K.L.:
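One structure, pasted below without further comment.
To find a chain, count down the sequence lines: A is the first, B the second, and so on, and within it residues start at 1. Note that these values count all heavy atoms, side chains included, but never hydrogens, waters or copies made by symmetry. Fair warning: this is a prediction, and the values are worked out from it, not measured in the lab.
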Protein chains: 2
Amino acid sequence: MSKRENISTSVIKRLPRYYRFLNGLNRDGVVRISSRELSIRMGLTASQIRQDLNCFGGFGQQGYGYNVEQLFKEIGHILGLQNLHKTILIGAGNMGRALASHIDFEHHGFHVVGVFDKKESMAGQMVHGMPVRLMSGLEDFCRNNHPEIAILCTPDEAAEQLVPVLLKLGVMGYWNFTHYDIVAKHPDTAVQNVHLEDNLMRLSYQVSALKNNDMKRANI
Amino acid sequence: MSKRENISTSVIKRLPRYYRFLNGLNRDGVVRISSRELSIRMGLTASQIRQDLNCFGGFGQQGYGYNVEQLFKEIGHILGLQNLHKTILIGAGNMGRALASHIDFEHHGFHVVGVFDKKESMAGQMVHGMPVRLMSGLEDFCRNNHPEIAILCTPDEAAEQLVPVLLKLGVMGYWNFTHYDIVAKHPDTAVQNVHLEDNLMRLSYQVSALKNNDMKRANI
DNA sequence: TAGATTGTTAATCGATTAACAATC
DNA sequence: TAGATTGTTAATCGATTAACAATC
């Protein structure tokens, strides 16, 4: 399916953005687009776009460019969005519940089949159209339903204890909202970390730097 | 303050992780650490750590290493965490409310001074210890309170309309949970994007790739 | 002093950009 | 056919790693 074996993470990182832009163009009724035109819209170089796409195959046509709808679907397929990976949400606190109602899992390759929390008071409450289950039932649930993905919205210490258990139960993909470093301890997993605080600290750096520059400019 | 003028984004991206690790070491009572020891714990090279830190100054001592507490504080200072940038949260839906209760803004350089939503029914409800205000009062509020940062938890279209208004009111930093591309349209802003769906799609790619590999291995 | 470890320069590696022949 | 634009190779740029003299 894929042309090359190992695609660099730099390329993978850009794929979702291509997907979003092409979705927009497609909805706007744009039929064809050249790498140059797309590069201007996205703020990239045309070279980079052609290099990126050619990691996966020759989707364009000389003298014409790329068919928007076809390319959109191709990238969706490369990203594996046609899948519906069985997914469990662990931790139904503020963040967990917000994700459950905010994210369109089904259009991004996932299907949430269970929600868990350790709090007795949460048990039975409805989240994402299903009742919250207690953590004590997690292992049985996994043995019966074979989820492949876990969304971790627990405290860091809980994640540390959970991951080895989940791995044994066959869960190999993790959307990790904790700061527990899954990949370091368990290399054979698929992990995306969402470190919101790290992101916020980078914003702090940027804003502070921006202010420093303003002050320097004022001095000159 | 900073040794060099332009620090590469690669370095900036790693700073929050250094900060977290050093915080942990400091809490565990570790007094000194060498770049080699830290590199093993963090899964980096010692070279990279020394290069990264030396962008900002010589914090270490030959033959000794780095003082954990001092380095922790230095990095916090570099990140600007001593600041309390006045911040408004726009959009008090699931995600906005989850952030308000989940993130420790005060320890990451920010101070939330106002929460806004366009829904009449939200007005007056308490979020982060303060009543939700209607969007109609946004401009007056900004003229009186001079917030510098906005957390955007609105639909994409709302963000597109809001940013030019906010910019004129002096808001130059954005924690952006929408897909509206602020930097492309307004280069002189400080922006961190949190594209949760993009992150999820990368996980989809990784999991799909992992499965493909397993299948190939089974064939051999 | 001798051993350890930094700060910094040089070498390597990978990613981005430029150029252009192939071709629709 | 002529013009446009890709796919791909070569050149450049930047980031990471290695090496080592400086020095605590």
K.L.:
May I ask you to decide if the ring planes of A/F56 and B/Y205 are parallel, tilted or perpendicular, using 30° and 60° as cut-offs?
P.N.:
perpendicular
K.L.:
As an exercise, state the distance from CZ of A/R50 to CG of A/L44, rounded to the nearest 0.5 Å.
P.N.:
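Rounded to the nearest 0.5 Å, the CZ-CG separation comes to 12.5 Å.
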K.L.:
Stem ranges for DNA chain D, with three or more consecutive Watson-Crick or G-U pairs under 3.5 Å?
P.N.:
C:3-24 with D:3-24
K.L.:
Heavy atom of residues 61-72 of chain B under 4.0 Å from DNA chain D: which residues?
P.N.:
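Only B/Q61, B/Q62, B/G63 qualify.
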K.L.:
Measuring only between side-chain heavy atoms, which start at C-beta, is A/L196 closer than 4.5 Å to B/I103?
P.N.:
yes
K.L.:
Between A/R32 and A/Y64, is NZ or CZ placed under 6.0 angstrom from the six-membered ring centre and within 45° of the ring axis?
P.N.:
yes
K.L.:
Using atom CZ of A/F59 as one end and atom C1' of D/dT6 as the other, report the distance to the nearest whole Å.
P.N.:
14 Å
K.L.:
When you compare the protein's N or O atoms with those of nucleotides 13-16 of chain D, which come within less than 3.5 Å of each other, and at what distance?
P.N.:
{"unit_1": "D/dT16", "atom_1": "OP1", "unit_2": "B/R14", "atom_2": "NH1", "d": "3.1"}
{"unit_1": "D/dT16", "atom_1": "OP2", "unit_2": "B/R14", "atom_2": "NH2", "d": "3.1"}
{"unit_1": "D/dT16", "atom_1": "O5'", "unit_2": "B/Q48", "atom_2": "NE2", "d": "3.2"}

K.L.:
Do NZ/NE/NH1/NH2 and the carboxylate oxygens of B/K185 and B/E160 come within less than 4.0 Å?
P.N.:
no
K.L.:
Using a cut-off of strictly less than 4.0 Å, decide whether A/R50 has a side-chain nitrogen or oxygen near OP1 or OP2 of D/dT6.
P.N.:
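For D/dT6, OP1/OP2 do have a side-chain N/O of A/R50 under 4.0 Å.
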K.L.:
Can you tell if the side chain of A/I75 reaches within under 4.5 Å of the side chain of A/L81, non-hydrogen atoms only?
P.N.:
no
K.L.:
Looking at B/R14 and A/D198, is there a salt bridge between them, counting it only when a charged N and a carboxylate O are closer than 4.0 Å?
P.N.:
no
K.L.:
How many angstroms lie between OH in A/Y19 and CD1 in A/I78, if you round to the nearest 0.5 Å?
P.N.:
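So the OH of A/Y19 and the CD1 of A/I78 are separated by 11.5 Å.
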K.L.:
Could you point out which residue of A/L22, A/L71, A/L38 forms a side chain to side chain contact (heavy atoms under 4.5 Å, CB included) with A/Y66?
P.N.:
A/L71
K.L.:
Between B/H195 and B/H179, does the ring centroid distance fall short of 6.0 Å?
P.N.:
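Between B/H179 and B/H195, which both carry aromatic rings, the centre distance is below 6.0 Å.
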K.L.:
Does B/R36 make a side-chain N or O approach to OP1 or OP2 of C/dT6 shorter than 4.0 Å?
P.N.:
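No, because none of the side-chain N or O atoms of B/R36 sits under 4.0 Å from OP1 or OP2 of C/dT6.
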K.L.:
Measure from the side chain of B/N54, starting at C-beta and using heavy atoms only, and say which of C/dA18, C/dG7, D/dT17 lies closest.
P.N.:
C/dG7
